[in-house]
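For reference, the structure is listed below as structure tokens.
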Amino acid sequence: MDYNHIELENKWRKFWAENKTFAAQDNSEKPKFYALDMFPYPSGAGLHVGHPLGYIASDIYSRYKRHQGYNVLHPMGYDSFGLPAEQYAIQTGQHPAVTTKTNIEGGVDKAGNKIAGYRNQLDIMGFSFDWDREVRTSDPSYYKWTQWIFKQIFNSWYNKATNKAEDIQELIAVFEKEGNANVKAETSQETNFSAVEWSNYTDKEKSDILMNYRLTFLSDTYVNWCPALGTVLANDEIKDGVSERGGHPVERKLMRQWSMRITAYANRLIQDLDTVDWSESIKEQQKNWIGKSKGASVKFKILTPTLSEGKGAIYSPGYMTGGNHSHLLIEKAQAMRANPTEAEAALWTRLISKQLGVKIRQQHLIENYIVDFVCLSKKLVIEVDGEIHNQQIEEDQARTKVLEEKGYKVIRFTNHEVIGNIDKVITKIRSEIEGRASITDNKEQVLPNGEDLGGDYIEVFTTRPDTIFGVNFMVLAPEHELVAKITTNEYKAEVEAYQQAAKLKSERDRQANVKEVSGQFTGAYALHPFTGEKVQIWIGDYVLASYGTGAVMAVPAGDQRDWSFAKHFNIEIINIFKDTDISEGAYEGKDAELINSDFLNGLKAKKAIGASIKAIHEKEVGKGKTQFRLRDAIFSRQRYWGEPFPIYYKDEIPYALEDDRLPVELPEVDKYLPTEDGEPPLARANKQDWKTFEGDRMEYNTMPGWAGSSWYFLRYMDPKNETAFVAKEKADYWNQVDLYIGGSEHATGHLLYSRFWCKFLFDRGYIGFNEPFKKMINQGMILGRSSFVYTLIGSVVSLTDPEDEYIPEIPIEKAPRLFLTFEKANVLRIAKKIKAYKVGSEEEKIVGEAQKIIEEINIKSQSVDFELKKKYPNRIGTFEYSTIPVAYPVDIKYVDNDVLDIELASNDPLFSYLKNAEFITEESGDYICGHEIEKMSKSKYNIQTPDELVEKYGADTLRCYEMFLGPLEQAKPWDTKGINGVSNFLRKLWRLFHQGEIFNVNEEEPSKKELKALHTLIKKASDDLERYSFNTIVSGLMIAVNELTDLKCNNKQVLSELLVILSPYAPHLAEELWSKLGNTESISQEPWPIFNASFLEEDAYAYPVSFNGKMRFKLELPTNLSKEDIEKEVLAAEQSAKYLDGKAPKKVIVVPKKIVNIVV
RNA sequence: GCGGGUGUGGUGAAAUUGGUAGACACGCUAGACUUAGGAUCUAGUGCUUCACGGCAUGGGGGUUCGAGUCCCUUCACCCGCACCA
């Protein structure tokens, strides 16, 4: 009876579906196991053999766990929002929901192409998915909860004190009680406000402030705008400066966008990597992406241009007003800034909101006075007088006089005025400001120290604060906002030219010319915070505006880039490392003692970093800081096919919809394109098109592709829940995903975002675990094996005609092609490269062979049936082929074992050039193709779909073969050749149960040998599965089947246990034989066989006997011999004499049941 | 440049703690059988040598009675990051 895979596999697929064999139980006494595959996007192209690789592995593991008595959750669904469906919709006008459905369920697309459908393709592979739990992200019943989670994030802030996300209502309560001064939050809010101010804020102002705290927020940010796709892209959606999908250019654009404050979780996202069992490379990628660096931020005072070269100086030099005590006063001013009175704080918040149109400074030093507020450009001083000032009226008058002499106007308010009616105060200030001329209106520099010309310090971030005494210049990114302000007139032209040049360079150019040093001095200087020395301020494009503060303190002795810069521009290099030579390059190590470093002298980096941070802190020039490369994730997309936001606007204030209004369903639109004003497609929907509408308008953006996939693993636990995204008790039961299998391409996208959302939901108490995927395996890519044919292009030479008849030029493509088999083409190619050779050399041989091939070609060319030849029989001339072979890919379906089926292939219109062509074949008459291993792609005609193979060999064979190919994680070439071996194995196994046409097993006691073969397999299969070594188990099964075949075993007990081990790999076949053995239940829950070591024990063992480590012969000895007896037996053995050569052995090593080694 | 990974026959690969290198397959060679099949079975197949033997896990060195496995060094390829301060 033959193994009929088609009939048999259909039968069991039906059985499983009807009996819901693989439904997971939400309430079970059994231990749980959650095996998950990465969420597929259902593309119209369908699956090729590479896709199911991971699904097969997770399915095998799931089935194994069921045999082990686990309650297994093994679900599947679709990440069905996405760009391709939308692009297709734009082209064809078809609703993306329709094409998405076709891609999943199968059908015919608009162009008439048959779509197999993801579900059908998955079904034929025999996966044990619990299909009742299927989810689709584009289904409103699913995205309702995506929106709901968004709302929770919107209504949360990150409390640094408790290190978790908390309800925004609690934050509002704090604001109402005491303002924001004591709140420790991950926030973009820079200023403080009091409780009183908070209560006086308008709704819009409150909303704006809360935006600075919410974990998802609206802000004007520079985004990666992709004009071709008409949307914003996240950083991880861009590779090498172009969009990952489609490869379109991307530009920077300022847009109002929703973002996710993932940076709040940066630290935890790095730390908790230690708690998951993932590959090092993925963890490493995440760490790189988050990019944590520890160090310090340091502020360098900018000396004004007046100091630099004396030009334009109106008053005597002095980098700050305040005479000789300025540094003391500055420190005092800083302290006062940090501890404002309530009135000051209140006023400050209002003053900096920029409604006044001018820049105001707080606690600023002028002459010997610290003023409360000053607008330098308008020379207006604003003082708030408290009780202290009442006792100092005289002093205040003197102070006012001095300031007025300097050209300032001083206005005063009392605490009472400020707190009582701040609006009145503001109005007063505004009218004062408007009434005064701006000093920048005339080009003349007015302020003595150039404060009017720019900011007062440059902030840098450094990981090596210990090297601060090595700083003798600074470099700003060319785009740095201070550059224009600090540049002296003298250098203005050069600096602007450099900025312009840097701007024109693309990101790529800048990265490509990493080695090239360029930069420009600005003419400005900063003050070294410790030495008080002047340090030059340069700009250079090796400093990136997007990282840190966009400025560096250059330590040429300790940083190679700074060193190169200094060398290039002849800037002095101060060595700060003892016993190091920095003439050829910087010393970047951490083991040298510091010198020339004041209080750090003698310390090594480890201690010096701490000491320097302490000093920086004490001097109030900076603080210890941890910097992350990770940016907040842009969450808006200007697209149609994505989740709408649960947000509406009223008076331009965004509000979240009430829960009972969710989901906000996607409205119908006339076109899936942006509006003429550049608004996203959803702006096309009128009010009545929205099923949910509130306020003035709904949010027009949609969520990005990763929204739905960031929490889908939770929905599978409770896919039909209408009152919660997942019931808490179900999330508690199923907990983390125990085994997650998928490609490594999601390292910094999906895997980071889902960890972020998981942590968030954990913080807010919705789930009880803060990492989603406990163990992850990344399957390697299956590469295609493309086949090539090698053609020679024909041409006509020396064409003349005795009758002078006109002969048209012969188009090359009209000439019949000549094809060379791979070997011969290769010889020609190699021979072409040989210019000279020695007699008798390998080269000579090749050239000789090439000669022969060329002769063959020449002979062929004589016999070519060439239509022009017939047409002009009188022509004199020769027809010749080039001798340079050109490789063309040919569809692998016409190639078997590298042999091309010329007949079949030439009938394919894609390869019509094979028609009427000439072939120089091997002697056997076969045309042998060349091959190359590369990614599967349509253009290489090397795509292998699982469907054809399942039809040909059966799903069981394909499942086993994909595993048999090699370790799961490794990339490997697909080669259909080997599948025969696996197919033979399953057939051989089938024959164990059959004798001819009859099913035949015996029920006797199994023999010792049978039991040994079986238990060897049980051990191997169990051990190897535990370490996810799927490939070796197939070998183990083959070995067992081979042995049992040799033993002519048809023992029911042995074969039953064999079937259980086989069943995860070849489930259909296992079920069939299981039922034939008389079982009525599915094999899927049958307990895994128990290994019994005693069956493996043998009475004798063939010892490999080595002399000096080289195995010479084997000697069979009883296993119960002692070490001494083994040694005696071995030395006494006949063969030993030869190797001992009469000498006594120096040493004999005996490892019982392993090896004997004799040292002579 | 930094980080991670991989190098074993003609091919995919085994060798889990240092103990017979190449299991299991593919392919190839020869043969048997035959309802001529992509079936089944038998034998052989790392390289080299007529053979004894010698040489072999990218290269070089070391530790060890014994190294694919441990250590040092070096090369090649793949992946990720990259003037990241």
Could you list, one pair per line, each protein nitrogen or oxygen that sits under 3.5 Å from a nitrogen or oxygen of nucleotides 20-26 of chain B, together with the distance?
unit_1 : atom_1 : unit_2     : atom_2 : d
U20(B) : O2     : Lys1114(A) : NZ     : 3.0
U20(B) : N3     : Lys1114(A) : NZ     : 3.0
A23(B) : N1     : Ser1035(A) : OG     : 3.4
A25(B) : OP1    : Asn1042(A) : ND2    : 2.4

Specify whether [X] and [Y] have parallel, tilted or perpendicular ring planes, treating 30° as the upper limit for parallel and 60° as the lower limit for perpendicular.
X	Y	result
Phe300(A)	His528(A)	perpendicular
Phe565(A)	Tyr542(A)	tilted
Phe1113(A)	Phe1107(A)	tilted
Tyr1028(A)	Phe1030(A)	tilted

Examine the side chains of [X] and [Y] and answer whether a donor and an acceptor come within less than 3.5 Å of each other.
X	Y	answer
Asn1157(A)	Lys1147(A)	no
Tyr64(A)	Glu1026(A)	yes
Ser297(A)	Glu459(A)	yes

With both distances under 3.5 angstrom, what nucleotide forms a Watson-Crick or G-U wobble pair with [N]?
N	result
A21(B)	none
A30(B)	U42(B)
U69(B)	none
A82(B)	none
A15(B)	none
A76(B)	U6(B)
A51(B)	none

- prompt: Take atom NZ in Lys294(A); do more than 12 heavy atoms of anything else shown fall under 6.0 Å from it?
  reply: no
Can you check the distance between [N] and [M], where both ends of the measurement are the [atom1] atom (answer in whole Å)?
N	M	atom1	answer
G18(B)	A67(B)	C1'	6 Å
A23(B)	U57(B)	C1'	15 Å
U42(B)	C52(B)	P	27 Å
C70(B)	C83(B)	C1'	38 Å
C55(B)	G22(B)	C1'	15 Å
A30(B)	C79(B)	C1'	45 Å
G80(B)	G10(B)	C1'	33 Å
U63(B)	G12(B)	P	35 Å

message: Under the side chain to side chain contact (heavy atoms under 4.5 Å, CB included) test against Val298(A), which residue among Ile613(A), Val471(A), Ile616(A), Ile458(A) passes?
response: Ile616(A)
Is the positively charged end of [X] above the ring of [Y], judged by distance under 6.0 angstrom from the centroid and angle within 45° of the axis?
X	Y	answer
Lys1153(A)	Tyr1101(A)	no
Lys292(A)	Phe628(A)	no
Arg631(A)	Trp289(A)	no

task: Establish, with yes or no, whether the OP1 or OP2 oxygen of G12(B) is under 4.0 angstrom from a side-chain nitrogen or oxygen of Arg785(A).
output: no
query: Does Lys972(A) make a side-chain N or O approach to OP1 or OP2 of G12(B) shorter than 4.0 Å?
result: no
message: Please pick, from C65(B), A85(B), C81(B), the nucleotide with the shortest atom-to-atom distance to any side-chain atom of Val543(A).
response: A85(B)
- request: Name the closest nucleotide to the Asn1157(A) side chain, picking from G66(B), A82(B), A85(B).
  value: G66(B)
Rounded to the nearest angstrom, tell me the gap between atom [atom1] in [X] and atom [atom2] in [N].
X	N	atom1	atom2	answer
Met963(A)	A13(B)	CE	C1'	15 Å
Arg464(A)	C84(B)	CZ	P	14 Å
Lys1020(A)	A14(B)	NZ	P	10 Å
Glu934(A)	C78(B)	CD	P	14 Å
His746(A)	G80(B)	NE2	C1'	16 Å
Ile782(A)	G12(B)	CD1	C1'	11 Å
Ile928(A)	G27(B)	CD1	C1'	12 Å
Leu630(A)	A82(B)	CG	P	13 Å

Basic-acidic side-chain contact under 4.0 Å: Lys1020(A), Asp1023(A): no
message: For Lys1012(A), is there an ion pair with Glu1098(A) - N to carboxylate O distance below 4.0 angstrom?
response: yes
field: Candidates Tyr953(A), Trp990(A), Phe985(A) - the one meeting ring-ring contact (aromatic ring centres under 6.0 Å, His included) with Tyr3(A)
entry: Trp990(A)
Write out a two-atom table: protein N or O, nucleotide N or O from nucleotides 53-58 of chain B, distance below 3.5 Å.
unit_1 : atom_1 : unit_2     : atom_2 : d
G54(B) : OP2    : Arg1112(A) : NH1    : 3.3

Under 4.0 angstrom, heavy atoms only, what part of the nucleic acid is [X] near: base, sugar-phosphate, or nothing?
X	answer
Phe985(A)	nothing
Arg991(A)	sugar-phosphate
Lys283(A)	nothing
Asn1031(A)	sugar-phosphate

statement: Given the 90°-from-0 boundary between syn and anti, G59(B) should be labelled anti
Pairs under 3.5 Å (N/O, protein and nucleotides 2-7 of chain B):
unit_1 : atom_1 : unit_2    : atom_2 : d
G3(B)  : O2'    : Glu284(A) : OE2    : 3.1

Nearest-nucleotide 5' precedence on RNA chain B, Arg987(A) against Pro967(A): Pro967(A)
field: Position toward the 5' end of RNA chain B (nearest nucleotide), Leu965(A) or Val1156(A)
entry: Leu965(A)
